[in-house]
Amino acid sequence: MDSTPHGAAIRAEGLGVKGPRGWAFRDVDIAAPPGSLVAIEGPSGSGRTSLLLTLTGRMRATAGRAEIGDMPLPRRMAAVRRASALAHVPGVAELDASLTVAEHLRERALLQRRFGARPLALLRPRTERAAARAHAGAALAAAGLDAAALPKGAATAVRELGRLEALRLSLALALIGGPRLIAVDDTGLKLSDAERERAWALLRSLAGAGTTVLAVCSDAPAGAVVVPTAPAAGRKEAAQEPPPHGTTPPEAAAEGTATRKPAPRGRKGATDALAGTGRA
């Protein structure tokens, strides 16, 4: 894992995903510099996960434009997937409850050697194994997970971990490949207030070390670049038509800001749009 700051900037203008039965999200504008903590904020069913998958190259946008670093979407989705990592996204990237911490680390190391290593590195398996152990140790430290302090050490099964410990393991696994962007869904879900504070502190520390962090949540923390996926509180829109497709906000998003026009829709629309768009 490369500890050199190398986060990817996130920029989007009028970004949207539409499926057979409606918009998952639409008209999202983002301007976040490298090493930002970007919080996708909104209620469940508002297109949060769809936006996260789009910005990490796992879902094809149907409107607007975006760039992750210097990689435009959707044209360079494969490159964005290689530069990003999903830490915890239910139904897409999850821990296996039956595997131990050590087994997850070994599996990720094998995948990294198979798909992420340079061709010449495959000719030096002993050196690569030593490097993999070092990378795993550095990733665990960055994620704040002390395997030795777990009930059975690294032999502890995921089902025995607390939710915050499981989040730390998910983040450690994502860090092993040295991504420029890490994404995590449902940050803070079923965590106590104290655990939620520690989770956000961890994500801030990863962003502070240089990696851009994209996190889905219901309530964004202070200091994050906030990307709302629901209308502002108090805005009447039940009887309003959605804004015309392709419209842009009256002012350009400033560095470290994000805006979104309201697009009334329900959970069913989000599910249908997710199913109806291309995911590589």
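Count residues from 1 along the sequence.
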Of the non-hydrogen atoms in [X] and [Y], which two are nearest, and what is the gap between them?
X: W200; Y: D219; value: CZ2-O, 4.3 Å
X: R204; Y: P221; value: NH2-CB, 3.3 Å
X: D185; Y: V89; value: CB-CA, 3.8 Å

Do side-chain atoms of [X] reach the backbone of [Y] as a donor and acceptor pair under 3.5 angstrom?
X: S170; Y: A166; result: yes
X: E165; Y: G162; result: yes
X: E103; Y: T100; result: yes
X: H104; Y: L95; result: no
X: S50; Y: A24; result: no
X: R168; Y: L145; result: no

Euclidean distance, [Y] [atom2] relative to [X] [atom1], rounded to 0.5 Å:
X: L53; Y: L86; atom1: CG; atom2: CG; result: 6.5 Å
X: L169; Y: L105; atom1: CG; atom2: CG; result: 6.0 Å
X: L202; Y: S205; atom1: CG; atom2: OG; result: 4.5 Å
X: I182; Y: L214; atom1: CD1; atom2: CG; result: 11.0 Å
X: T229; Y: F25; atom1: OG1; atom2: CZ; result: 10.0 Å
X: L189; Y: H88; atom1: CG; atom2: NE2; result: 7.0 Å

Step by step, work out the salt bridge (Lys or Arg N to Asp or Glu O under 4.0 Å) result for D186 and R48. CA-CA 9 Å; D186 285 333; R48 307 178 308 177; 3.1 Å; yes

Would you call E67 and R11 a salt bridge, using N to O less than 4.0 angstrom?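 No, E67 and R11 are not salt-bridged.
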
Under 4.0 Å between a Lys/Arg side-chain N and an Asp/Glu carboxylate O for E160 and K152?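 Salt bridge present between E160 and K152.
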
Should V216 and V92 be regarded as members of a common hydrophobic cluster, given that ILVMFWY residues are connected when their side-chain heavy atoms come within less than 4.5 Å of each other, either directly or indirectly?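 Yes, it is one cluster - the side chains of V216 and V92 are joined through contacts under 4.5 Å.
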
In sequence, state the C-alpha distance, the side-chain angles, and the governing distance for R58 and S84, and then conclude on side chain to side chain donor-acceptor pair (under 3.5 Å). CA-CA 10 Å; R58 274 82 175 173; S84 62; 2.5 Å; yes

